[in-house]
K.L.:
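Pasting a structure below so you can have a look.
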Amino acid sequence: MASSPLQLSTPLRTLFLSPSLGRLPRIPFQASLFWQRVTPKTLVFSTGIRGVSGPGRFCSRAKASMAGTTTEKGKGKVEVFASEEDLSVSLAKYTADLADKLSKEKSTFTVVLSGGSLIKSLRKLVEPPYIDSVDWSAWQVFWVDERVVPKDHNDSNYKLAFDGFLSKVPILPGNVYSINDALSAEGAADDYETCLKHLVNSGVISVSAATGLPKFDLMLLGMGPDGHVASLFPGHPLVRENEKWVTFIKDSPKPPPERITFTFPVINSSAHIALVVCGAGKAGPVHAALGNGKNSEPLPVQMVSPEGEMVWFLDKDAASKL
């Protein structure tokens, strides 16, 4: 597939980026994609960081370069680093290697971002050697969840990513798919799902053969101290949503209350998931997900189980209870 910007006509709705980045039109389409319930595969990976790299756009195997320890768990490979700095170095290499491999295979690299400390952990990508060696034109950037606030609001995941990452790399503005923050939470979720379906229909986003859902190349997830991922919170009914691709929440237990979020069927259709967790305050949920303990109701982080590969990037504090 060519890596030139997507050409669309007959706008369906306007997908706003930042005021300085312009707007991306969309077109309506008919899609017969649906989700079937399947049992997700759990994979165990070999020692050493597995990476893939390549170019990217914006609706190889390598050993860690720092003193990290690798263990194999039933839910993927677990990398533990002495510091968040070491973790960031490894995460940058993993992401760049994966992007390089996949963009050479199919001319695009679809990557999904989350909020919180994840963007800070990506900071090494904007430094040499990656700032100059990555084919940024292939990157297509999405958000696993977003707060329904203006894009210049301090609570916006878009603003967080733009300030800390996107404004520092030459990703094409038309390849960054943010939500339409002029809509209600429900409208923004429906609008974002329509955008995803169009990009699946046009071949920009791959499709999972197992589920018929979008199969993103890399989903970069963080985790909250309560074990939530995306905007899927413990005990909330949305953790069981299995029909919508993107849904909304108006009563988030963590402010701001109105958000949109990918659902678990979409999250778990990913080709690769990197779960990045730092800090002693998150050691409990990490132990619940990776330790031998049992709990009556699984935390959202325990429900992350992709079709493809999963790597946990933990600093020593987050891994302190393992």
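Remember, predicted model here, so these are calculated numbers, not experimental data. Just the heavy atoms: all of them, side chains too, but no hydrogens, waters or symmetry mates, feed the values below.
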K.L.:
Please check if V207 and F262 belong to a single hydrophobic cluster, counting links between Ile, Leu, Val, Met, Phe, Trp and Tyr side chain heavy atoms closer than 4.5 Å.
P.N.:
yes
K.L.:
How many angstroms lie between atom CG of L113 and atom OG of S178, to the nearest 0.5 angstrom?
P.N.:
11.5 Å
K.L.:
Check whether any side-chain heavy atom of Y192 sits under 4.5 Å from a side-chain heavy atom of E146, and report yes or no.
P.N.:
no
K.L.:
Taking atom OG of S206 and atom CG of L213, what is their separation to the nearest 0.5 Å?
P.N.:
13.0 Å
K.L.:
With side chain to side chain contact (heavy atoms under 4.5 Å, CB included) as the test, pick out the partner of V169 among V134, V141, I131.
P.N.:
I131
K.L.:
So which atom in S231 and which in D145 form the shortest heavy-atom distance, rounded to 0.1 Å?
P.N.:
OG-OD2, 2.7 Å
K.L.:
Is there a salt bridge (charged side-chain N to carboxylate O under 4.0 Å, His left out) between E127 and K168 once you walk through the steps?
P.N.:
CA-CA 9 Å; E127 300 175 3; K168 304 176 187 299; over 6 Å; no
K.L.:
CE/M223 to NE2/H228 distance, rounded to the nearest 0.5 angstrom?
P.N.:
9.0 Å
K.L.:
Applying the ring-ring contact (aromatic ring centres under 6.0 Å, His included) criterion to F216, which one of F142, W143, F109 satisfies it?
P.N.:
F142
K.L.:
If we ignore hydrogens and angles and just use 3.5 Å, is the side chain of N268 paired with the main-chain N or O of S305 as donor and acceptor?
P.N.:
yes
K.L.:
Mind checking whether F162 and V126 sit in one hydrophobic cluster, side chains of I, L, V, M, F, W, Y counted as touching below 4.5 Å?
P.N.:
yes
K.L.:
Distance from Y130 atom OH to K93 atom NZ, nearest 0.5 Å?
P.N.:
5.0 Å
K.L.:
For the residue pair V204 and T108, what are the closest heavy atoms and their distance?
P.N.:
O-OG1, 4.0 Å
K.L.:
Quick one: do E85 and K124 make a salt bridge, cutoff under 4.0 Å?
P.N.:
yes
K.L.:
Quick check: do K197 and T194 have side-chain heavy atoms less than 4.5 Å from each other?
P.N.:
no
K.L.:
For S208 and E307, test the side chains for any donor-to-acceptor distance below 3.5 angstrom and give the result as yes or no.
P.N.:
yes
K.L.:
Does T263 offer a backbone N or O that forms a donor-acceptor pair with the side chain of N242 under 3.5 Å?
P.N.:
no
K.L.:
Hey, could you give me the OG1/CZ distance between T247 and F264, rounded to the nearest 0.5 Å?
P.N.:
13.0 Å
K.L.:
Does D217 come within less than 4.0 Å of K106, counting only side-chain N to carboxylate O?
P.N.:
yes
K.L.:
Any side-chain heavy-atom pair from L290 and L314 closer than 4.5 angstrom?
P.N.:
yes
K.L.:
Might you confirm whether atom NZ of K316 has over 12 heavy atoms from other residues, nucleotides or ligands at distances under 6.0 Å?
P.N.:
no
K.L.:
Contact between S156 and R147 at the side-chain level, heavy atoms closer than 4.5 Å - yes or no?
P.N.:
no
K.L.:
Let me know which of I119, L275, V276, V144 forms a side chain to side chain contact (heavy atoms under 4.5 Å, CB included) with S114.
P.N.:
V144
K.L.:
How many angstroms lie between CG in D190 and OG in S184, if you round to the nearest 0.5 Å?
P.N.:
8.0 Å
K.L.:
Checking the side chain of E79 only, and the main-chain atoms of V311 only, is there a donor and an acceptor separated by less than 3.5 Å?
P.N.:
no
K.L.:
Which is it for V200 and W245 under the side chain to side chain contact (heavy atoms under 4.5 Å, CB included) test, yes or no, and what are the steps along the way?
P.N.:
CA-CA 12 Å; V200 165; W245 293 12; 4.2 Å; yes
